[in-house]
Amino acid sequence: MKPRRKITGIASVTLLLSLAASSFILHRVDQLRPQATLDEVLFLSSPTVIQRASLGYDGLMACIYWTRAVQYFGYRHHYHAASYNLLAPLLEITTRLDPHLIIAYEFGASFLSPKPPQGAGEPQRAVELMQYGIQQNPDNWHLYYDLGFVYYMDLRDYKKAAEIFQQGSQLPHAHPFLKILAAQMAQHAGEYDTARMLWSATYENTQDKQIKENAIEHLRALRVDEDVQHLQEAVTRFGERTGHLPENIAELAAAEHLPGVPVDPDGQPYKLTPDGRVEVRVPDDFPFATMGLPPGYTPKPTLRDYH
Amino acid sequence: MKTSIPHIASNTFREAVRDRVLYNLIAFALLLSGAAILVGQISIEIEKLVVINLGLTAVSLFGVVIAIFIGIGLVSKEIEKRTLYTVLSRPVRRWEFIVGKFFGLAGTLTVNTFFMAIGVFAALFYVSHRFVRADALIFVALYFIILEFLIVCSLALLFSSFSSPLLSAVFAFSLFVIGSFSEDLRNFASMAHGVSRWLATGAACLVPNFSAFNVIASIAHEQPVAVQLILQNTLYALFYAAMALSGAVLIFEHRDLK
Amino acid sequence: MSPEPIMPSIEILGLEKTYQVGFWRKRPKQALRPLHLQVEDGEIFGFLGPNGAGKTTTLKLLMGLIFPTSGSARILGREWTDPAVKAQIGFLPEQPYFYDYLTAHELLEYYAQLSGVPGKLRRQRIEQVLHQVGLRDVQGVQLRKFSKGMLQRVGIGQAILHDPKLVFFDEPMSGLDPMGRREVRDLMEQLKQEGKTVFFSTHILSDAEALCDRVAIIHKGEVLRVGAVDDLTSSVRGKVEVIWQGSQIPASIKALGAECHVTADMVRAILDEKHQDAVIDALRRERLRLVSVTPVRTSLETYFVEKLRHAETTAGSIAGGA
Ligand SMILES: Nc1ncnc2c1ncn2[C@@H]1O[C@H](COP(=O)(O)OP(=O)(O)OP(=O)(O)O)[C@@H](O)[C@H]1O
Ligand SMILES: [Mg+2]
């Protein structure tokens, strides 16, 4: 028995040691080539070539590319990257491999067109992606919604947006709010209301966690913008009435007969600067807010770009 | 101490040769020369790209297929046919048998790859009529491919030591495919939470990582390969193969022959 | 050569093997009850038993091809798992099969390398062995083209290739033509002459009878008897052969159930040993001339069949009683 037991021992130790060593090296290799899976997108960015190379397993490859797209965006977004060059090709490849992967179009609408660091800043490619999606899935009203959304939010083309929403609303099973949106676009109704409606619709109609979170962030930012706008108007009124600026936000609230000190969506009271500006306490918590930020405020530092 | 590893390895090599494994080189040569002649019509830049991409991909795929098909039978076939009886009743320890088989198969693949490499360079010369310095990068790609073979061989041998050839083939091919996407798997793992994260990370460490070995696309574009990567990949392949072989030895050492 | 203390070649110390059979729900199957056996240096030892008795199982255990459930063994005075033992033993498996892409020469060359036969000796040794097992004109022929008996001969050849001190043959005669059997018998005799120990399993009892110094009879994984062939066969309460002159058979002798054969002027009667005295008395009374009384030696085969039948009935009654 003895020689066998000795070999068993040696083999077990070797197995564990080499498992540990290979895992460690794997970690090192990953550090050596961050985002390495995306290298091939650099060399093979043609969706047609990738479709050919996947030898008919398009569905599986689409899932893999879709995960890569999400992973790519999530990783860079986390580090507030200043560019997302590969997002558009990744989504284009994904949707070419599986043209019915609706979530990929939604993702594109939400993250392809906004300016960095919130998105790739490529609204035109987002539009092309949506148009391709509509061509492939002409009966899906979600895609009309997404396209109209891009026109409205990033391209500010209200006429086009109204047109698209109108088209979408005529599809069978289309959500009724498409009609309302179309009408609102046409009337140029109050911007906050429309925006709020759009983001709420996005929030309710998606399954994707990242898209949902993005919508919430936008809704929170909308409330901040709206609050700050109202409070700023109140400050102006206060100044006109009394000839001086309010001491602090509490004085302003009392003068306006508000039930308490106004707070932001996080429950933090707004603050009033000595020169009469209303600001949020923690600007970093509201990445999409356009108002209530300190002058010259920029979001967190950005990550060095790899691509 | 005398060891029988070289004898077993060379017999394994001889078996592969007598089973006409090297005939795959003919298929390879046909594929490559066909491609070279066809792309000869297109512009010079793209034809080089095609020859390198197609040639190296074929080297890798042919080799993996051979490694799996020979590897899965290395132990189980000998148990099945009882050729092992007269080997193991000699002063041959079971672990020596496993290690010898591994080197025999790895040697077969290296020789096979050597001939294929000649084919790739010949095709390259045919389309571009000269060699440039960047073509030396092909050696790095070939080296990585051989490292990849070491891992595949060790895995095929591991499966062969406990399961039937058909099942081993299925296991080995699945691991090859999963291993080719293992970076995606690790990405999944890093996105998961809690227990599933631990499980996914564990699985990601156990499956082989082939993605780092595939530099074909980047060298086709004349992108240099970091020396660090060559070093790390070498170590990784050696440790991974050692791990799979230790597993095979552990299983085989305790196995009753049929 | 340094004088070595005389020790048994093989000592089996309670080797036991229980297989787990069944695909899904495993049931234990005891192939070998704890087995104790000792084989002396320089003898030819026969391991006899019917199909499924556990002969092959025992040999595979001794070769380290399968692992025992319990027990151990010593071969040539060492622990049986000791790799050093393997260099001094040869093994012929039952229905041997070899790398069929090799020729007999290549196979033996490979095995000689594995057994550590020095390079200089190999060629000569291979020729010698091929001659010994009667394989001629096989140069350049792959083993896949060999007949069954030829493979058996290769198998015997590889077992004695490295000049081992102890050889194990599992049914060495199977598949051989009469000439081949003769040759293998001679070969075993010759091995014995050279001072080697031969341990072989068989069901061909005439071979065992002719060759073996001692035999063991194994049945259902259990050793029933061990001993010299002579002792085993004469130990049975056998029959006697009584021969007298004339052609007359007394009625009293007939009544004892004797088998009588009348030849020209003799009667040959075979009957139970216990009636021996009664027969002699009867002959005396009839004044017939007694020529000889000899115990009939049972053949090993008779003994074997008897022994197994006995084992069956006792096993049956035990099983029935439980
Ligand atoms: N791998 C196995 N799994 C389960 N049972 C087995 C296995 N090998 C042998 N056996 C059983 O062990 C018993 C002894 O088998 P063994 O091969 O040793 O018999 P044997 O004496 O060599 O017979 P034969 O004369 O037919 O060669 C048989 O009942 C057989 O069914
Ligand atoms: Mg048998």
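Here is the naming used below: chain letters follow the sequence lines, and residue numbers restart at 1 for every chain. We use all heavy atoms of the structure for the numbers below, so side chains are in, but hydrogens, waters and symmetry mates are not.
Along residues 147-160 of chain B, no residue comes nearer than 4.5 angstrom to chain A, judged on non-hydrogen atoms. Interface residues of residues 56-68 of chain B toward chain A, defined by a heavy-atom distance below 4.5 Å: none. Taking non-hydrogen atoms and a 4.5 Å limit, the residue list of residues 229-237 of chain B in contact with chain A, ordered by number, reads B:Leu229, B:Gln232, B:Asn233, B:Leu235, B:Tyr236. Below 4.5 Å, heavy atoms of chain A meet heavy atoms from B:Tyr240, B:Ala242, B:Met243, B:Ser246, B:Gly247, all part of residues 240-247 of chain B.
Contact count versus chain B (heavy atoms, under 4.5 Å) is highest, among A:Ile64, A:Leu26, A:Thr14, for A:Leu26. Most heavy-atom pairs under 4.5 Å with chain B, from the set A:Val13, A:Thr67, A:Ile10, A:Leu16: that is A:Thr67. Heavy-atom pairs under 4.5 Å with chain A peak, among B:Cys205, B:Ala226, B:Pro208, at B:Cys205.
For B:His254, the NE2 atom sits in a packed shell: over 12 heavy atoms of surrounding residues, nucleotides or ligands are nearer than 6.0 Å. Residue-environment remark: CZ (B:Phe162) exceeds the threshold of 12 foreign heavy atoms within 6.0 Å. The 12-atom threshold is not exceeded at CZ of A:Phe24, counting heavy atoms of other residues, nucleotides or ligands nearer than 6.0 Å. Atom OH of A:Tyr203 has 12 or fewer neighbouring heavy atoms from other residues, nucleotides or ligands inside a 6.0 Å radius.
Within the 4.5 angstrom heavy-atom criterion, atoms from both the backbone and the side chain of A:Thr8 approach chain B. Looking at B:Ala212, both its backbone and its side chain come within 4.5 Å of chain A, counting heavy atoms on both sides. Using a 4.5 Å cut-off between heavy atoms, A:Val70 contacts chain B through its side chain alone, with no backbone atom that close.
Counting only heavy atoms from C-beta outward, the side chains of A:Leu15 and B:Val249 never approach each other to under 4.5 Å.
Closest non-hydrogen pair, A:Ser12 versus B:Leu250, comes out as OG-CD2, 3.6 Å.
Distance CG/B:Leu206 to OG/A:Ser23: 7.0 Å, rounded to 0.5 Å. The CZ atom of B:Phe239 sits 11.5 Å away from atom CG of A:Leu19, with the distance rounded to the nearest 0.5 Å.
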